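Below is one structure, written out as structure tokens; the observations come after it.
Computed from a predicted model, the values in this text were never measured in an experiment.
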Amino acid sequence: MTKINNKRNRKQIVEPNEKASYLSYLTGLYLFFFYMEASLRWPAFEAVRFHFVFGLILTILCGFKLLSNSKTVQSKLDYTQSNSLKNTALLLIFILFFYSIFSVSRDISLEMFDRKVFKFSLISFFIVMSVSNIRDLKVIVLFIMLAWFKICLEGGHGWITGSLMVENQGIMRLRGAGDFVQHPNSFSAFGVGCLPFAIYLFQASKIKLLKYFFAVLLVLSIIIIIFTGSRSGYVAVLLAAIYFFFKMKEGKFKVFFLSSILLVALAPIVPEQYYDRFESIYSGKEAQGNSSGTRKIIMEDALEIYLEYPMGIGVNTFSVVRMEMFNRKQNIHMLYLEVLTNIGPIGFIVFMLFIKRLLFINKWNIKQSLLIINDEFIFVNGLAKAMFAYLVLRMIFGLFGMDLYEPHWWLILGLSIASYKLIISALQKEKEKEKEKEKATS
């Protein structure tokens with residue numbers, strides 16, 4: 001099979017008249033306004049219940065498309081892996097709903113399930129139903145990246161002007177302008193998530209303007225990670241960098257050389273307080289406060305709660321139970337204990353299976369997209385690499401943060417399945433063309 005970088009022999013599977021659908025633009029706009037928190041930024045949007053109305057319209061349109069697709073005769077393609085992932089995701093949603101009904105605080109759990117779990121899971125549905133070709137996928141990803149770029153740009157501006165710098169734990173820390181990135185730790189997690197997309201989509205871009213776009217996004221992400229002062233972000237990037245470096249089959253020297261230059265260039269502009277912050281990871285000495293000690297107490301309380309409620313306490317009820325048992329309210333700061341205490345051992349197993357299948361399908365997408373003789377699939381390959389790296393970073397970050405109910409799992413789910421289906425369809429077309437050639441020559 002011809003290698004993906006052999007441009008001379010590459011065939012074009014995507015037809016010239018194949019354009020992005022109106023549904024992909026609507027989904028892209030929905031995700032753009034979702035990440036920009038339109039209703040919070042612009043009161044007029046809140047007045048007309050913008051997100052609800054927009055989401056309802058998309059649900060109806062995607063529902064109609066699902067029904068129309070089920071009535072038409074589909075080609076017999078093997079969607080085994082995406083079906084397994086989809087079934088696991090549905091099982092996870094069912095478990096979260098079950099633990100909302102049978103919760104120690106049903107009102108809190110049901111509110112969280114409706115506000116986050118159900119609504120965020122619709123993101124996957126919108127993406128999968130909107131993507132029929134690569135142009136659709138590109139449109140949706142571009143809108144997401146534009147929103148992320150805007151959030152990072154606000155952070156960069158806030159760092160330069162000092163308007164978003166706040167004193168926290170004895171140092172000046174950068175926070176985000178939006179509500180969901182307002183805490184420095186949350187903003188750091190956001191910056192960490194932007195890194196793999198900036199790197200791999202930069203590599204996959206053929207247009208210079210897009211390369212500049214992702215290069216700036218990369219720089220802004222690094223600024224956010226450094227100046228939020230989040231030790232969780234530092235550790236996540238460091239461990240992920242080591243993991244991917246040793247997984248590389250070639251180009252290690254180049255990566256090491258460029259990374260060394262970057263570190264030397266950054267060293268003079270990073271104040272000493274951030275070096276001290278990094279050193280406190282292993283020294284345990286903090287400029288102010290005792291967040292490490294606080295986290296240790298939270299984990300001890302979490303283990304006590306799990307022993308008291310071995311089958312789980314319910315969705316988003318850790319703070320309630322902790323207050324009752326220990327008179328301490330702060331929520332848990334570890335994804336794995338959050339899953340275990342909230343939805344029990346069965347939920348923990350299903351969640352880890354969900355992550356495993358997400359990683360597997362993206363690994364499959366990376367390998368199989370290289371077999372397609374089509375320049376368009378360089379983008380799909382880069383996106384799959386970005387999502388795989390993103391998941392690795394999130395799982396490392398999960399050692400220090402709680403994000404079971406956040407939207408990124410559902411975003412990655414939708415993009416992964418959409419990419420998988422495009423690859424399956426393209427591979428099937430290549431097989432059909434090969435069969436036609438064999439018949440013509442025989």
Side-chain angles (χ1 to χ4, degrees), residues 20 24-42 45 51 54 123 126-127 130 135-161 163-165 174-228 230 233 236-237 262 266 378-380 382-387 389-390 393-394 397 406-408 410-412 414-415:
S24 67
Y25 279 98
L26 286 175
T27 298
L29 275 170
Y30 176 83
L31 290 169
F32 176 83
F33 287 121
F34 170 80
Y35 279 106
M36 290 303 299
E37 299 176 286
S39 294
L40 295 177
R41 287 174 181 262
W42 303 293
F45 281 64
H51 283 302
F54 202 161
I123 290 173
F126 295 157
I127 293 172
S130 300
R135 304 270 188 336
D136 291 332
L137 186 62
K138 283 185 174 181
V139 164
I140 292 171
V141 172
L142 179 60
F143 273 110
I144 295 167
M145 291 299 107
L146 284 172
W148 290 10
F149 185 86
K150 178 67 167 62
I151 295 167
C152 287
L153 201 60
E154 290 172 341
H157 180 264
W159 168 64
I160 292 170
T161 61
S163 61
L164 292 176
M165 298 297 289
L174 179 64
R175 65 176 181 84
D179 186 63
F180 83 100
V181 290
Q182 198 166 48
H183 193 283
N185 289 346
S186 300
F187 201 25
S188 175
F190 178 80
V192 168
C194 288
L195 270 182
F197 286 89
I199 293 169
Y200 289 112
L201 292 182
F202 172 87
Q203 293 176 352
S205 298
K206 295 179 289 182
I207 302 170
K208 278 190 177 181
L209 184 61
L210 282 176
K211 283 190 173 290
Y212 294 145
F213 174 87
F214 288 115
V216 174
L217 181 61
L218 176 61
V219 173
L220 291 171
S221 300
I222 292 170
I223 289 171
I224 290 167
I225 293 165
I226 293 173
F227 293 99
T228 49
S230 171
V237 172
L262 180 64
L266 286 173
I378 295 174
F379 166 76
V380 180
L383 181 62
K385 286 178 179 177
M387 290 191 288
Y390 182 90
L393 282 163
R394 289 308 320 186
F397 211 97
E406 295 309 308
H408 40 260
W410 308 107
L411 176 71
I412 298 300
L415 292 174

Under a 3.5 Å threshold, yes or no: a donor from one side chain and an acceptor from the other, between Thr161 and Ser163?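 There is such a pair (donor and acceptor under 3.5 Å, judged by atom type) between the side chains of Thr161 and Ser163.
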
For the [atom1] atom of [X] and the [atom2] atom of [Y], what is their distance to the nearest 0.5 Å?
X	Y	atom1	atom2	result
Leu31	Leu411	CG	CG	6.5 Å
Phe190	Ile225	CZ	CD1	11.0 Å
Thr228	Leu164	OG1	CG	12.0 Å
Ile127	Ser24	CD1	OG	11.5 Å
Leu195	Ile224	CG	CD1	9.0 Å
Leu153	His157	CG	NE2	8.5 Å

Locate the shortest heavy-atom distance separating [X] from [Y]; write the atom from each residue and the value.
X	Y	result
Glu154	Ala177	OE1-CB, 3.5 Å
Met165	Gly158	CG-O, 4.0 Å
Leu393	Pro196	CD1-CD, 3.7 Å
Ala204	Gly382	CB-CA, 4.1 Å
Asn185	Phe397	O-CZ, 4.0 Å
Phe187	Gly176	CD2-N, 3.3 Å

By side chain to side chain donor-acceptor pair (under 3.5 Å), which residues pair with Arg394, not counting sequence neighbours? Asp403

Is the shortest side-chain heavy-atom distance between [X] and [Y] below 4.5 Å?
X	Y	result
Tyr25	Ile140	no
Phe54	Leu29	yes
Phe379	Val141	yes
Ile226	Leu174	no
Trp159	Leu220	no
Leu26	Tyr30	no

Mind running side-chain contact (heavy atoms from CB on, under 4.5 Å) on Leu137 and Leu415 for me, showing each step along the way? CA-CA 8 Å; Leu137 186 62; Leu415 292 174; 3.9 Å; yes

Asp136 vs Ser130, test: side-chain contact (heavy atoms from CB on, under 4.5 Å). Steps then yes/no. CA-CA 7 Å; Asp136 291 332; Ser130 300; 5.9 Å; no

Verify side-chain contact (heavy atoms from CB on, under 4.5 Å) between Leu40 and Phe180, making sure each step is shown before the conclusion. CA-CA 11 Å; Leu40 295 177; Phe180 83 100; over 6 Å; no

Classify the ring geometry of Tyr390 against Trp148: parallel below 30°, tilted from 30° to 60°, perpendicular beyond 60°. parallel

Check: Ser205 side chain, Leu201 main-chain N or O, donor-acceptor pair, under 3.5 Å: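 Checking the backbone N and O of Leu201 against the side chain of Ser205, a donor-acceptor pair under 3.5 Å is found.
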
Can you list the residues that meet the side-chain contact (heavy atoms from CB on, under 4.5 Å) rule with Phe213, with sequence neighbours excluded? Met145, Leu146, Phe149

